[in-house]
2 protein chains.
Amino acid sequence: MADKKPTIHDVAARAGVSKSLVSLALRGSSKVSDASREAIERAAAELGYRPNATARSLADRKSRTIGINMAEIDNPIFPQMLSGAHAVIRERGYNTMLVSGERDPLVEFGELAKLLEFQIEGLILISHRMSATTVRSLASDVPTVVLTLQGITGPGIDSVTSDDEAGARMAMRHLFDLGHERIAHISGGSLEPAVVRERIYREEMSAAGLEAHISVYEGDLTNEGGLRAARELLSNGPTPTAIFASNDISAIGVMSACSEHGLSVPEDISILGYDGISIGELHAINLTTISQPLTAMGELAAERLFDRMAGKRLQGRSIVLEPELMVRGTTAAPKAQRQRN
Amino acid sequence: MADKKPTIHDVAARAGVSKSLVSLALRGSSKVSDASREAIERAAAELGYRPNATARSLADRKSRTIGINMAEIDNPIFPQMLSGAHAVIRERGYNTMLVSGERDPLVEFGELAKLLEFQIEGLILISHRMSATTVRSLASDVPTVVLTLQGITGPGIDSVTSDDEAGARMAMRHLFDLGHERIAHISGGSLEPAVVRERIYREEMSAAGLEAHISVYEGDLTNEGGLRAARELLSNGPTPTAIFASNDISAIGVMSACSEHGLSVPEDISILGYDGISIGELHAINLTTISQPLTAMGELAAERLFDRMAGKRLQGRSIVLEPELMVRGTTAAPKAQRQRN
DNA sequence: CCCTCTCCTTGGAACGCTCCAAAATAACGG
DNA sequence: CCGTTATTTTGGAGCGTTCCAAGGAGAGGG
């Protein structure tokens with residue numbers, strides 16, 4: 001630890017060969033005699049030699065690094081996707097450089113720029129809030145895959161999303177099938193997935209001839225936001241028989257508000273979330289939801305990125321997965337309905 | 001995009017100065033005339049020049065990168081700590097390289113080795129399961145801070161933990177104060193924090209003259225494990241009036257098991273967790289727990305690391321934080337007790 | 001014993017940047 | 001106007017690798 005770290009030269013000297021041969025041997029080239037290989041490996045081990053990845057990157061112009069930009073971690077869907085992507089990256093022998101914009105676009109921009117300076121070979125964006133312009137400008141420098149944002153396309157950009165329209169439709173159908181008519185929606189602000197879900201809510205209500213019952217309260221895809229919106233909704237007039245929340249985290253907030261108001265779920269009111277986060281499965285929550293294959297989406301994103309980096313000809317730029325209705329314990333037929341049976 | 005990325009030479013040529021001056025100017029040196037600076041900045045902007053961080057690292061021997069090894073993400077305490085550490089790292093202008101061992105020590109070892117090859121300047125280990133030998137060997141190469149593992153010390157190693165003994169004692173005192181005597185424990189396997197918590201459980205039970213009621217079922221710090229252990233416990237003989245689980249995630253599993261057995265919490269049985277993960281706060285869960293300042297621990301770890309990297313003389317190697325009892329809705333006096341009142 | 005062919009091995013030139021000693025220029029004082 | 005000093009600017013030598021063209025050493029053939 002006192003003197004400098006050993007370099008390839010030190011190994012070469014000790015093994016009595018040239019640095020070039022050491023380089024070859026250590027990378028497992030077949031054109032190195034057994035004798036030299038052995039000597040080199042011994043010397044390297046004795047010196048505790050560690051190749052310098054920085055130097056290597058510079059020399060061969062490959063960083064073997066993928067950048068990932070992940071939104072805040074207070075919504076577990078992001079870490080879950082991260083985990084999927086990260087696993088694939090590791091498996092392929094690449095490294096992951098993680099940045100996060102911390103909700104501040106300026107910070108985010110700076111962080112993304114740093115990733116590029118680090119010569120990342122590919123970029124995965126796990127976030128609901130990226131502007132199309134930013135993404136396009138990034139993608140002109142490095143292959144990019146966007147998760148969860150369907151709208152963004154352009155040269156160098158792939159996307160992995162799940163079909164939010166179909167999912168939201170499933171959600172509404174499920175509630176209709178149970179017999180609900182007075183269905184309210186907790187929206188999620190202006191972020192893309194939330195906007196789609198709200199639009200479908202309105203469309204489906206109208207299509208079912210229930211315009212009169214359309215009722216939207218604005219949340220923000222957080223637990224707090226769901227709680228707040230639901231409180232307002234519940235203290236504001238006729239209570240709906242079901243609430244479709246824009247995502248699971250806010251649906252859990254809605255559950256809290258309902259219990260505050262003495263409503264039991266699903267007896268008095270049904271609640272339906274969206275995302276399929278793993279805490280929703282917990283017995284204590286047991287949330288009916290539209291589930292997206294989060295980990296798989298992360299994996300797919302990484303795989304797609306590697307294919308693209310390898311220059312494979314691929315048809316299509318966006319992968320759209322099908323969400324799935326998970327009926328659990330927070331939805332049931334409305335009271336009136338059940339009495340009739 | 002067609003031709004190569006512009007380098008510092010291209011900028012120099014365009015601005016009509018030498019590469020050295022460009023380097024100086026771009027790093028904001030004060031000894032560059034205003035005229036040159038301006039010309040250089042313009043040239044850089046026009047070319048869309050991006051410094052190559054790899055080359056820079058090699059030249060000045062600073063990677064400006066911190067490595068973080070994080071255990072699986074299925075226990076949210078890890079992402080929460082990650083988030084704290086990550087924020088500080090970013091703030092200091094450093095980058096984060098993230099690896100994960102995926103439960104396999106061999107993989108973990110390889111990943112950690114890669115971090116070192118990338119010339120990271122510091123290492124943060126967020127994991128319950130690191131062997132002391134591994135950590136010591138890493139720390140001999142790079143300043144290291146360990147989170148949550150109190151036992152590991154050695155040259156170059158700092159640690160940030162919270163006082164598990166005190167915390168576990170608080171937990172037991174809380175249950176005693178409520179009047180519980182038949183208290184069971186769901187343990188967490190052989191990982192350090194779990195072992196400490198179990199030991200204190202036994203000590204406190206003995207000290208209170210309740211050896212006869214000591215009852216430990218083995219979990220593994222996962223939700224599943226807690227569920228399984230609690231099921232066994234509940235179908236196995238006299239039901240305790242309280243269960244102290246080794247961590248929150250497994251406590252939530254315990255809650256599920258209780259509800260399966262028709263026990264209501266906290267009326268029929270009290271449940272106490274440990275960690276203070278944010279889902280525990282959710283209304284639907286509302287778990288009484290011993291809370292550790294997770295995000296703060298992550299931040300502290302990163303700060304300590306930077307201090308160490310700066311070569312500051314610091315007294316002490318381990319920071320031990322005090323946990324806090326959060327009384328929420330899953331603990332109450334035992335039934336018998338309440339009847340007596 | 002010379003000539004070709006393989007099979008190994010090698011030195012030097014990148015990679016894009018920082019650092020440093022030294023050169024060039026500007027500024028100042030008498 | 002010259003010697004000094006302060007301010008800017010510069011070329012070259014690294015940083016630790018990889019890549020490549022070319023050199024050396026045996027082996028086999030005539």
Side-chain angles (χ1 to χ4, degrees), chain A residues 3-41 43-44 47-65 95 113-114 116-121 141, chain B residues 3-41 43-44 47-65 95 113-114 116-121 141:
Chain A
D3 32 4
K4 312 269 47 165
K5 296 189 191 159
T7 75
I8 205 173
H9 287 99
D10 302 322
V11 177
R14 177 154 197 137
V17 297
S18 75
K19 64 172 188 5
S20 306
L21 197 59
V22 173
S23 171
L24 246 6
L26 260 27
R27 278 176 298 152
S29 159
S30 62
K31 52 178 72 170
V32 174
S33 70
D34 291 346
S36 322
R37 157 161 295 117
E38 201 182 307
I40 290 169
E41 277 167 1
L47 291 172
Y49 168 74
R50 277 226 176 71
N52 180 326
T54 302
R56 180 202 290 231
S57 294
L58 183 59
D60 72 359
R61 257 141 305 200
K62 296 190 183 231
S63 63
R64 291 166 202 77
T65 299
N95 288 81
K114 277 205 301 184
L116 293 179
E117 295 181 5
F118 265 93
Q119 313 299 113
I120 52 165
E121 295 179 40
D141 277 327
Chain B
D3 31 3
K4 310 272 45 170
K5 298 189 188 156
T7 76
I8 204 173
H9 288 98
D10 302 322
V11 177
R14 178 153 197 138
V17 298
S18 73
K19 66 174 187 359
S20 306
L21 196 58
V22 174
S23 169
L24 246 6
L26 260 27
R27 278 176 298 154
S29 159
S30 62
K31 49 179 74 169
V32 174
S33 70
D34 291 346
S36 321
R37 156 162 296 114
E38 203 182 305
I40 290 169
E41 277 166 2
L47 290 172
Y49 169 74
R50 277 227 174 72
N52 180 326
T54 303
R56 180 203 288 232
S57 294
L58 183 59
D60 72 359
R61 257 141 302 201
K62 296 191 184 241
S63 64
R64 290 167 203 78
T65 299
N95 288 82
K114 276 204 300 187
L116 293 179
E117 295 181 5
F118 265 92
Q119 313 301 112
I120 53 165
E121 295 180 41
D141 277 326

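Treat the numbers as computed from the prediction; the structure is a model and nothing was measured. To find a chain, count down the sequence lines: A is the first, B the second, and so on, and within it residues start at 1.
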Legend entry - Nearest-0.5 Å distance, NE2 of residue B:His9 to OH of residue B:Tyr49: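 Separation between the atoms: 10.0 Å.
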Legend entry - B:Lys5 NZ to A:Arg61 CZ distance, which is reported to the nearest 0.5 Å: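 So the NZ of B:Lys5 and the CZ of A:Arg61 are separated by 11.0 Å.
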Of the options [options], whose atoms approach the side-chain atoms of [X] most closely?
X: B:Ser18; options: D:dT18, D:dG11, C:dT10; answer: D:dG11
X: A:Lys31; options: C:dC17, C:dT9, C:dT10; answer: C:dT9
X: B:Thr7; options: C:dG16, C:dC15, D:dC15; answer: C:dG16
X: A:Asn52; options: C:dT18, D:dT9, D:dT17; answer: D:dT17
X: B:Arg56; options: C:dC17, C:dT10, D:dT9; answer: C:dC17
X: A:Ser33; options: D:dT9, C:dC8, D:dT18; answer: C:dC8
X: B:Ala55; options: C:dC17, C:dT10, C:dT18; answer: C:dC17
X: A:Ala59; options: C:dT9, C:dG16, C:dC15; answer: C:dC15

Inset, instruction - Evaluate the side-chain proximity of A:Thr65 to A:Phe118: yes if any heavy-atom separation is below 4.5 Å, no if none is. - result: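 Heavy-atom side-chain distance check fails, nothing below 4.5 Å.
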Inset, instruction - Measure the shortest side-chain to side-chain distance between A:Pro51 and A:Leu26 over non-hydrogen atoms and say whether it is less than 4.5 angstrom. - result: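 Counting from C-beta outward, A:Pro51 and A:Leu26 never come under 4.5 Å.
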Legend entry - Any donor-acceptor N/O pair, B:Arg64 side chain to B:Lys62 backbone, under 3.5 Å: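 Between the backbone of B:Lys62 and the side chain of B:Arg64 there is a qualifying donor-acceptor contact (under 3.5 Å).
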Length of the [atom1]-[atom2] vector between [X] and [N], whole Å:
X: A:His9; N: C:dG12; atom1: NE2; atom2: P; result: 11 Å
X: B:Phe118; N: D:dT17; atom1: CZ; atom2: P; result: 13 Å
X: A:Arg61; N: C:dC15; atom1: CZ; atom2: P; result: 6 Å
X: A:Leu21; N: C:dG12; atom1: CG; atom2: C1'; result: 16 Å
X: B:Arg64; N: C:dT18; atom1: CZ; atom2: C1'; result: 10 Å
X: B:Leu24; N: C:dC17; atom1: CG; atom2: P; result: 14 Å
X: B:Ile40; N: D:dT8; atom1: CD1; atom2: P; result: 13 Å
X: A:Lys5; N: D:dC15; atom1: NZ; atom2: P; result: 14 Å

Inset, instruction - Identify the residue among A:Ile40, A:Val22, A:Asn52 that makes a side-chain contact (heavy atoms from CB on, under 4.5 Å) with A:Ile8. - result: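 It is A:Val22, the one option of A:Ile40, A:Val22, A:Asn52 that forms the side-chain contact (heavy atoms from CB on, under 4.5 Å) with A:Ile8.
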Inset, instruction - Select from A:Asp60 and B:Asp34 the residue whose nearest nucleotide in DNA chain D is closer to the 5' end of that strand. - result: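 The residue whose closest nucleotide sits nearer the 5' end is B:Asp34.
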Inset, instruction - Name the nucleic acid region contacted by B:Ser36, choosing base, sugar-phosphate or nothing; use a 4.0 angstrom heavy-atom cut-off, strictly under. - result: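 Touches sugar-phosphate only.
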Inset, instruction - Select base, sugar-phosphate, or nothing to describe what A:Arg50 touches, counting heavy atoms under 4.0 Å on all strands. - result: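 Counting heavy atoms under 4.0 Å across all strands, the contact made by A:Arg50 is with sugar-phosphate only.
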Legend entry - N or O in side chain of A:Arg27 less than 4.0 angstrom from D:dC19 OP1/OP2: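 Answer yes for this pair, as a side-chain N or O of A:Arg27 is under 4.0 Å from OP1 or OP2.
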Legend entry - Check: B:Lys19 side chain, D:dG12 base, donor-acceptor under 3.5 Å: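 It does, because a donor-acceptor pair links the side chain of B:Lys19 to the base of D:dG12 below 3.5 Å.
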Inset, instruction - Let me know, please, whether B:Thr54 or A:Ser20 comes out on the 5' side of the other along DNA chain C by nearest nucleotide. - result: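 Final value for this comparison: A:Ser20.
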